[in-house]
Colleague: 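Below is one structure. I have some questions about it.
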Amino acid sequence: MKTIFALVDCNNFYVSCERVFDPSLAGRPVVVLSNNDGNVVARSNEAKALGVPFAAPAHECAPLVKRHNMAVFSSNYALYGDMSQRVMSIVAGFAPEMEIYSIDEAFLSLGDLAGVDPLDYAARIRETVRRWTGIPVSVGIAPTKTLAKLANRLAKRDPACGGVLALDGRSDLDSILDGVATGDVWGVGPRYSAMLARHGIRTARELRDASDAFVRKRMTVTGLRTVHELRGRSCIELEGAAPPKKGIVSSRSFGRPVVELAELSEAVASYTARAAEKLRCQRSAASLMCVFVSTNPFRDDPQYYNIITRRLPAPTADTAELIRHARADLERIYRPGFRYKKTGVFLSEIVPADSLQLDLFAAAEPSEERARLMATVDIINARLGRGAVYYAAEGVRKAWRMRQERLSRRFTTRWDELPVAVAG
DNA sequence: TCTGGGGTCCTAGGACCC
DNA sequence: TCTGGGGTCCTAGGACCC
């Protein structure tokens, strides 16, 4: 039986999450900012209509905020992550197989729909998610993931679709693809799009009809897969459980320039703790660790960037051990007199935690007690919220912390931040 | 004052080996 | 006149995604 793919994608997800808990935001232009309140990463349709571009620096929005009563929020990942889980668990009930592709998107492999029209089915998914969570989603249906992505984009673009669109069996597919720029195809970024334009290929239809040899040569096998998918031949399978990450990064920009080693050291310890937590979450240990520091390249200040790599004596996921190494490495690359903007750690050469290659010369095996301590820390933080328990090296005041001046409450994950209903 | 964070995959080219 | 031929591994860099 031929597989049919569906892509379920939340509309303006972060904005929609904020609106669920503040109905007065309906109809108002709303934007959500990236970490450190840097750039715009989510826009309501009203904000898009006002011309706010994706990734616009926050300070450039100030005039619109004033003139159009635009609402601005810091990113609230505790809220978005929890809302995402709710949406995904609902969508999962609609298909035998699902791939969670990102925080706000999932691919479905629709099995036998028993005579139900795919569009009616998509409309049911959409309506159920909306009623149970308040989040609006769009659904695109097609014989390949690339076309399902495209169908979803078109469903969002054209309000007449009612949020759902199917591309299989459409006789007007050619003219639909005529109306899509190559850069709007999944897998074609700005570089490829510019290269294609130089060769006279500007639309999804022209890309679909380009020669295999040309595409293979200029866009590698990845591009060729994309083109085959545009032709309706499925080359990109649905992926099940995400494989463990091969590299784990934890880094942040500071809310203000940091000069002192002591403050940098707190930040490095914090990010190391977070990376170690991610490592344990996927039951892994790391063999290699990098620590880097950098000044702000957007300023005229003297610039400095450095990175240091350390092979660990044995693969580990122990926060205390990793923090000890990270702080020692930081001291080796720290230079006084610079205004630092960012630091971070990168863990790699990741192996499963249960099959550790022990260091022949290690003083002792990693103790059971250490592992139990880590597990307990993780459980407490999962239950009470991140940062309920932490290492003193991470600092208490954390004056260097990123800016989050417009943060909404963690309505769904903290008892003390629940939404309050007021009788009118 | 002001510009995010976290990933994956593919290829070319050099080092090294037989 | 002429300086072999492959194979593998590693790294850096480039492209993409959200």
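Letters go in sequence order (proteins before strands), and every chain restarts at 1.
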Colleague: Rounded off to whole Å, could you give me the OH-to-P distance for the A/Tyr77 and B/dG4 pair?
Modeller: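 Atom-to-atom, A/Tyr77 to B/dG4, this comes out as 12 Å.
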Colleague: Side chains of A/Asn296 and A/Lys342: donor-acceptor distance under 3.5 Å anywhere?
Modeller: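 No.
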Colleague: May I ask you to verify if any side-chain N or O of A/Lys149 is less than 4.0 angstrom from the OP1 or OP2 atom of C/dC17?
Modeller: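 For C/dC17, OP1/OP2 do not have a side-chain N/O of A/Lys149 under 4.0 Å.
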Colleague: Would you kindly give the CD1-to-C1' distance between A/Ile350 and B/dT8, to the nearest whole Å?
Modeller: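 Checked: the CD1 to C1' distance equals 13 Å.
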Colleague: Distance between the P atoms of B/dT3 and C/dC18, in whole angstroms?
Modeller: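 My reading of the P atoms in B/dT3 and C/dC18 gives 25 Å.
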Colleague: May I ask you to evaluate whether A/Lys341 reaches the phosphate of B/dG4, defined as a side-chain N or O under 4.0 Å from OP1 or OP2?
Modeller: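 It does not, given that no N or O in the side chain of A/Lys341 lies less than 4.0 Å from OP1 or OP2 of B/dG4.
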Colleague: I want to check one thing: is the phosphate of B/dG5, taken as OP1 and OP2, less than 4.0 Å away from some side-chain N or O of A/Asn36?
Modeller: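 For B/dG5, neither OP1 nor OP2 has a side-chain N or O of A/Asn36 closer than 4.0 Å.
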Colleague: Quick one: A/Ile236 CD1 to C/dC16 C1', roughly how many Å, whole number?
Modeller: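 Taking CD1 of A/Ile236 and C1' of C/dC16, I get 11 Å after rounding.
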Colleague: Is the distance from OP1 or OP2 of B/dT1 to the nearest side-chain N or O of A/Arg299 less than 4.0 Å?
Modeller: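 Looking at the OP1 and OP2 atoms of B/dT1, neither is under 4.0 Å from any side-chain N or O of A/Arg299.
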Colleague: For B/dT1, does OP1 or OP2 lie under 4.0 Å from any side-chain N or O of A/Arg339?
Modeller: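 The answer is no; no side-chain N or O of A/Arg339 sits under 4.0 Å from OP1 or OP2.
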Colleague: Is the distance from OP1 or OP2 of B/dC10 to the nearest side-chain N or O of A/Arg225 less than 4.0 Å?
Modeller: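 True: A/Arg225 side-chain N/O within range (under 4.0 Å) of B/dC10 OP1/OP2.
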Colleague: Does B/dT3 have OP1 or OP2 sitting under 4.0 Å from an N or O in the side chain of A/Ser253?
Modeller: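 For B/dT3, neither OP1 nor OP2 has a side-chain N or O of A/Ser253 closer than 4.0 Å.
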Colleague: Scan A/His228, A/Arg231, A/Glu229, A/Arg225 and name whichever one has a side-chain hydrogen bond (donor to acceptor under 3.5 Å, both in side chains) with A/Thr146.
Modeller: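 Answer to the side-chain hydrogen bond (donor to acceptor under 3.5 Å, both in side chains) test with A/Thr146 among A/His228, A/Arg231, A/Glu229, A/Arg225: A/Glu229.
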Colleague: Tell me the partner of B/dC18, counting only Watson-Crick (N1-N3 plus N6-O4 or O6-N4) or G-U wobble (N1-O2 and O6-N3) with both under 3.5 Å; none if nothing fits.
Modeller: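 Because both required distances fall under 3.5 Å, B/dC18 counts as paired with C/dG5.
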Colleague: Quickly work out the A/Arg256 CZ to B/dT1 P distance and round it to whole Å.
Modeller: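 Atom CZ in A/Arg256 sits about 16 Å away from atom P in B/dT1.
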Colleague: Only one of A/Phe254, A/Trp400, A/Tyr334 forms a ring-ring contact (aromatic ring centres under 6.0 Å, His included) with A/Tyr340, so which one is it?
Modeller: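 Testing A/Tyr340 for a ring-ring contact (aromatic ring centres under 6.0 Å, His included) against A/Phe254, A/Trp400, A/Tyr334 leaves exactly one candidate, A/Tyr334.
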Colleague: Please test A/Ser287 against A/Glu349 for side chain to side chain donor-acceptor pair (under 3.5 Å), starting from the C-alpha separation and ending with a verdict.
Modeller: CA-CA 5 Å; A/Ser287 322; A/Glu349 297 198 7; 4.6 Å; no
